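Notes for the one structure printed next.
Note that ligands are numbered from 1 as they come in the structure, with each ligand's atoms numbered from 1 the same way. As the structure is a computational prediction, the values presented were derived from the model and not from experiment.
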Amino acid sequence: MIIGVPKEIKNNENRIALTPAGAAELVKRGHEVYVQAGGGSGSGFPDEDYISAGAKMLPTIEDVYGIAEMIIKVKEPIEPEYKLIKKGQILYTYFHFASGEELTNAMIANGSICLAYETVELPDRSLPLLIPMSEVAGRMSVQEGAKYLEKTFGGYGVLLGGVPGVPPANVLIIGGGIVGTEAAKMAAGLGADVTIMDVSLKRLRYLDDIMPPNVKTMMSNEYNIRAAVKNNDVIIGAVLIPGAKAPHLVTRDMLATMKPGTVLVDVAVDQGGCFETTKATTHADPTFVIDHVLHYCVANMPGAVPRTSTIALTNATLPYAIQIADKGWKQACIDSEPLRKGLNVVDGKVVYKGVAEAFNLPYHEASSLL
Ligand SMILES: NC(=O)c1ccc[n+]([C@@H]2O[C@H](COP(=O)([O-])OP(=O)(O)OC[C@H]3O[C@@H](n4cnc5c(N)ncnc54)[C@H](O)[C@@H]3O)[C@@H](O)[C@H]2O)c1
């Protein structure tokens, strides 16, 4: 198959959808890989690395879209890319269709085959192509929390791990899923006194079994959260209720009870946030202060570490890309139920229920098109 990897053109997006190692795997299987020149530079992959891996470089985005049977990307196509997409072309990338009506209509109109990373789903209902970014954001949340706890950044002025004779900082993590677990591991490793809250007792039991002794678990409810926010130096929001907005678990009135310079990191900002005072920020201007409490609410945290994120993403997406390239999208989706769930729009038809419902569009069973 002829595979194209364009440079991402969305503002501040430095990731690329394929590493040189990924390109080598596809080339080894007899596929042709075309990468846009300079596409990997933001992730620290120079063109020469792709060339040594057997890929060919093309100078413009038009060339890449023009030649490819399958485009592998990171972010959803944006308006300047719409006209480059051809009927029948496979697009394998994050789409988040349900929050983009214009994007959905554009992909219906162009007749492409849209396989969305975010809806590829394993039988246990986990989302294997979202997990790597949650891992990055979870680990990063502690790094950011520790940084903004420093006085010069407006924090309370506490070192996360303390020193001999001085107790460590207290870190509260609300939500013990992927983000929360990775955050807890990092905070515990730095020596903080960590509490994870979740509503799932099963999850709390598991976390209690695997976490080191400086991590405690606690049931998430308003009473416990209200008491805990008074004493914690960093509070990380990591809840997810699939398909719904995040609940506001830390309310505005609780801010007055926190220590001045407490740092709130709301990783769940992309689902509306689990703090009432959350509003999305960017890497260029990541924080704001309300009632002496510092808020960090960057919606695309992995964007700050594009090299790690690119490699983590490719590790997860490549096995499916290989299946699509080896067998063609139809056979790959017949053989793999997880991949079939990634189909969102096929040849002008919406085949993912949530997207059809979001925009009141006719829904077609994906299997009827295979
Ligand atoms: N900002 C970013 O850059 C970024 C990056 C990756 C993920 N995220 C977001 O982080 C959030 C968490 O993702 P995840 O992969 O860890 O999800 P997950 O499904 O693995 O975990 C969510 C956890 O929240 C728990 N939960 C639900 N309601 C709760 C409540 N009331 N109190 C406490 N816990 C509750 C669930 O039981 C579950 O364990 C999502 O909103 C995701 O979109 C943001």
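Between H295 and K279, the closest side-chain pair of non-hydrogen atoms is not below 4.5 Å. Here the side chains of L318 and L18 are in contact, with some heavy-atom distance below 4.5 Å. You'll find the side chain of F45 stays beyond 4.5 Å of the side chain of V35, heavy atoms only.
Atom numbering of ligand 1 starts at 1 in the shown order; those under 4.0 Å from a heavy atom of M133 are 5 (C), 6 (C). Proximity to L249 (heavy-atom distance under 4.0 Å) selects the following atoms of ligand 1: 30 (C), 31 (N), 32 (N). Interface atoms of ligand 1 facing P302, defined by a heavy-atom separation under 4.0 Å, are 3 (O). Each of the following atoms of ligand 1 lies closer than 4.0 Å to a heavy atom of S134: 6 (C), 7 (C), 13 (O), 14 (P), 15 (O). Shown in contact with A268 at under 4.0 Å from a heavy atom are these atoms of ligand 1, numbered in order with element: 41 (O). Ligand 1 places these atoms under 4.0 Å from at least one heavy atom of A137: 4 (C), 5 (C), 6 (C). Numbered from 1 in the order shown, with element, the atoms of ligand 1 that lie under 4.0 Å from a heavy atom of S220 read 30 (C), 32 (N), 33 (C). If you number the atoms of ligand 1 from 1 as listed, the ones under 4.0 Å from a heavy atom of G175 come out as 24 (O), 33 (C), 34 (N).
Residue H292 places its NE2 atom among 12 or fewer non-hydrogen atoms of other residues, nucleotides or ligands, all under 6.0 Å distant. The neighbour count for Y65 OH, taken as heavy atoms of other residues, nucleotides or ligands under 6.0 Å away, is above 12.
Atoms CD1 and CZ, on I108 and F359 in that order, are 9.0 Å from each other to the nearest 0.5 Å. Taken to the nearest 0.5 Å, the OH atom of Y320 stands 6.0 Å off from the OG atom of S336.
Where the criterion is an N or O separation shorter than 3.5 Å, residue side chain and backbone included, V179 meets it with respect to ligand 1. At least one N/O-N/O distance between V298 and ligand 1 falls below 3.5 Å.
With salt bridges taken as basic N to acidic carboxylate O contacts below 4.0 Å, one links E121 and R125. The pair R226-D253 meets the salt-bridge criterion, with a side-chain N (NZ, NE, NH1 or NH2) lying under 4.0 Å from an Asp/Glu carboxylate O. Classification of R340 and D335 as a salt-bridged pair fails, no side-chain N sitting under 4.0 Å from a carboxylate O.
Ranking protein heavy atoms by distance to atom 11 (C) of ligand 1, first place goes to V239 O, 3.6 Å. The closest protein non-hydrogen atom to atom 44 (C) of ligand 1 is V267 O, 3.0 Å. Regarding atom 29 (C) of ligand 1, its nearest protein heavy-atom neighbour is V199 CG2, 3.6 Å. Protein heavy atom at the shortest distance from atom 21 (O) of ligand 1 is G177 CA, 3.1 Å. Protein heavy atom in closest approach to atom 20 (O) of ligand 1: I178 N, 3.0 Å. Counting protein heavy atoms only, atom 3 (O) of ligand 1 is closest to M301 N, 2.7 Å. The shortest contact between atom 37 (O) of ligand 1 and any protein heavy atom is with D198 OD1, 2.6 Å.
Remark: the backbone N or O of L172 is paired with a side-chain donor or acceptor of N232 at under 3.5 angstrom. Between the D198 side chain and the G176 main chain, a donor and an acceptor come within less than 3.5 Å of each other. The backbone N or O of V64 sits nowhere less than 3.5 Å from a side-chain atom of Q36 that would complete a donor-acceptor pair.
Residue-level proximity to ligand 1 for A299 is carried by the backbone, the only part with a heavy atom below 4.0 angstrom. Only the backbone of A238 comes within contact range of ligand 1, with a heavy atom under 4.0 Å; no side-chain atom does. When non-hydrogen atoms are compared, ligand 1 lies under 4.0 Å from the backbone of N300 (N, CA, C, O) but not from its side chain. Heavy atoms of Q271 found under 4.0 angstrom from ligand 1 belong exclusively to the side chain. The proximity of D270 to ligand 1, defined as any non-hydrogen pair under 4.0 Å, is limited to the side chain.
Each of I2, I322, D326 was checked for a side-chain contact (heavy atoms from CB on, under 4.5 Å) with H31, and the lone residue meeting it is D326.
Checking I174, L240, I225 against atom 40 (C) of ligand 1, the nearest heavy atom belongs to L240.
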